Peer 1: 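Mind looking over this structure? Questions follow.
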Amino acid sequence: MAEFKLSGGCQCGAVRYTMHAPARSLVHCHCAMCRKVHGAVFVSFSEVPADKFTIEKGESNLANYDSSPGNHRRFCKTCGGHVVTTDDDLPDIVHLSTGTLDDGAHPGHPDGTESHIFVGSKVPWYEIHDGLPQTEEY
């Protein structure tokens, strides 16, 4: 079996990473904090095993913003691109900003593991029509 390997990084290229395993799942987060951080109606996170995620370049160029207790958002100091979020309560997972994968690569999550979370906080004018599971919280 071929080794799994996907790469990505921030917009300016100062930060580069590699995932060495498929994402466990993919969540589309509709919470107000994610909307503000990303400037988007919702953001997609790939849940990657922390021990299978490596910052290859620019670790020192990542800044940290703790948006809530135990929730660490890491972004490029140069371009401001959000790369990953870690949570003290989930130390074995890195929440990768899926849009930072090179060439729009599929993060490898298994079928049936994609969902919308925090839909109770979504903007009222956006309707979800994709048929994926939805939860009010996480």
Side-chain angles (χ1 to χ4, degrees):
M1 184 166 149
E3 176 188 355
F4 186 94
K5 183 177 176 181
L6 289 177
S7 297
C10 65
Q11 182 177 5
C12 72
V15 177
R16 298 289 303 157
Y17 63 79
T18 304
M19 338 176 6
H20 299 279
R24 295 177 182 172
S25 63
L26 179 75
V27 295
H28 306 291
C29 186
H30 295 264
C31 81
M33 282 189 284
C34 284
R35 291 197 323 266
K36 292 283 186 179
V37 167
H38 292 268
V41 175
F42 64 90
V43 64
S44 301
F45 288 112
S46 295
E47 296 182 341
V48 180
D51 64 345
K52 301 295 184 185
F53 180 83
T54 307
I55 301 292
E56 304 290 347
K57 173 185 166 193
E59 177 81 35
S60 64
N61 205 52
L62 283 171
N64 191 65
Y65 173 66
D66 293 343
S67 58
S68 55
N71 191 289
H72 315 288
R73 296 176 186 271
R74 302 192 73 200
F75 59 93
C76 175
K77 293 178 189 177
T78 304
C79 68
H82 184 276
V83 180
V84 295
T85 298
T86 59
D87 188 318
D88 291 347
D89 292 335
L90 302 167
D92 63 329
I93 295 174
V94 171
H95 292 90
L96 171 69
S97 294
T98 306
T100 64
L101 284 166
D102 290 344
D103 303 318
H106 188 287
H109 60 284
D111 287 343
T113 62
E114 186 175 347
S115 65
H116 291 272
I117 60 173
F118 291 105
V119 296
S121 301
K122 75 174 190 61
V123 295
W125 51 265
Y126 178 76
E127 292 187 34
I128 302 168
H129 293 289
D130 57 19
L132 294 172
Q134 301 177 29
T135 57
E136 293 289 315
E137 305 259 332
Y138 182 53

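Since the structure is predicted, the reported quantities are computational estimates derived from the model, not experimental observations. Values reported hereafter were calculated over all heavy atoms of this structure, with side chains retained and with hydrogens, waters and symmetry mates removed.
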Peer 1: Roughly how far, to the nearest 0.5 Å, is the NE2 atom of H95 from the OG atom of S44?
Peer 2: 12.5 Å

Peer 1: What pairs meet the salt bridge (charged side-chain N to carboxylate O under 4.0 Å, His left out) rule with one or both residues in residues 54-69, with sequence neighbours excluded?
Peer 2: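 Of all non-adjacent pairs touching residues 54-69, those that pass salt bridge (charged side-chain N to carboxylate O under 4.0 Å, His left out) are E59-R74.
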
Peer 1: Could you give me the CA-CA distance, side-chain angles and deciding distance for V43 and H82, then say whether side-chain contact (heavy atoms from CB on, under 4.5 Å) is met?
Peer 2: CA-CA 11 Å; V43 64; H82 184 276; over 6 Å; no

Peer 1: Compare every heavy atom of P22 with every heavy atom of G108, then report the nearest pair and how far apart it is.
Peer 2: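 Of all heavy-atom pairs spanning G108 and P22, the closest is O-CB, 3.3 Å.
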
Peer 1: Please list all pairs meeting salt bridge (charged side-chain N to carboxylate O under 4.0 Å, His left out) that have one or both residues in residues 88-105, counting only residues at least two apart or in different chains.
Peer 2: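 Matches after skipping sequence neighbours: R16-D102, R24-D92.
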
Peer 1: Step by step, would you call T98 with S46 a side-chain hydrogen bond (donor to acceptor under 3.5 Å, both in side chains)?
Peer 2: CA-CA 6 Å; T98 306; S46 295; 2.7 Å; yes

Peer 1: Which residues satisfy the side-chain contact (heavy atoms from CB on, under 4.5 Å) test with A63, sequence neighbours excluded?
Peer 2: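 So A63 forms a side-chain contact (heavy atoms from CB on, under 4.5 Å) with F75, K77.
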
Peer 1: Could you go through residues 33-40 and list every donor-acceptor pair under 3.5 Å that involves a side-chain atom there, pairing it with any protein atom two or more places apart or in another chain?
Peer 2:
{"from": "R35", "atom 1": "NH1", "to": "H30", "atom 2": "O", "distance (Å)": "2.9"}
{"from": "R35", "atom 1": "NH1", "to": "S121", "atom 2": "O", "distance (Å)": "2.6"}

Peer 1: For the backbone of E137 and the side chain of T135, can you confirm whether one donor and one acceptor N or O come within less than 3.5 Å of each other?
Peer 2: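 Checking the backbone N and O of E137 against the side chain of T135, a donor-acceptor pair under 3.5 Å is found.
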
Peer 1: Could you state whether V84 and M19 fall into the same hydrophobic cluster, counting links through intermediate Ile, Leu, Val, Met, Phe, Trp or Tyr residues with side-chain heavy atoms under 4.5 angstrom apart?
Peer 2: yes

Peer 1: Considering non-hydrogen atoms only, spot the tightest contact between V15 and G58 and give its length.
Peer 2: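 In terms of heavy atoms, the two residues are closest at CG2-O, 3.7 Å.
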
Peer 1: With rounding to the nearest 0.5 angstrom, report the CG to OG1 distance, N71 to T85.
Peer 2: 5.5 Å

Peer 1: Let me confirm one number: the CG-OG distance from D87 to S67, rounded to the nearest 0.5 Å.
Peer 2: 9.0 Å

Peer 1: When you measure from the side chain of Y17 to the backbone N and O of L6, does any donor-acceptor pair fall under 3.5 Å?
Peer 2: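 No: the side chain of Y17 does not pair with the backbone of L6.
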
Peer 1: In the structure I gave you, are the side-chain heavy atoms of S97 and V83 within less than 4.5 Å of one another anywhere?
Peer 2: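 They are not in contact (no side-chain heavy atoms under 4.5 Å apart), so the answer is no.
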
Peer 1: Say you draw a straight line from NZ of K52 to CD1 of I93; how long is it, rounded to the nearest 0.5 Å?
Peer 2: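 One gets 14.5 Å once the value is rounded to the nearest 0.5 Å.
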
Peer 1: List the atom of H28, the atom of L26, and the distance in Å for their closest heavy-atom pair.
Peer 2: CE1-CD2, 3.8 Å

Peer 1: Of all the heavy-atom pairs spanning L62 and C76, show the shortest one and how long it is.
Peer 2: CD2-N, 4.1 Å

Peer 1: According to salt bridge (charged side-chain N to carboxylate O under 4.0 Å, His left out), does anything in residues 106-130 pair up with another residue at least two apart or in another chain? List the pairs.
Peer 2: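 Sorted pair list comes back empty.
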
Peer 1: Transitive ILVMFWY cluster of V123 at side-chain heavy atoms under 4.5 Å: who else is in it?
Peer 2: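 Its cluster partners, ordered by chain and number, are V41, F42, V119, W125, Y126, I128.
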
Peer 1: Do the side chains of F4 and V48 join up, straight or via other hydrophobic residues, at under 4.5 Å, putting them in one cluster?
Peer 2: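 Yes, it is one cluster - the side chains of F4 and V48 are joined through contacts under 4.5 Å.
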
Peer 1: Take I117 and C29 through the side-chain contact (heavy atoms from CB on, under 4.5 Å) test and state the conclusion after the steps.
Peer 2: CA-CA 5 Å; I117 60 173; C29 186; 3.9 Å; yes

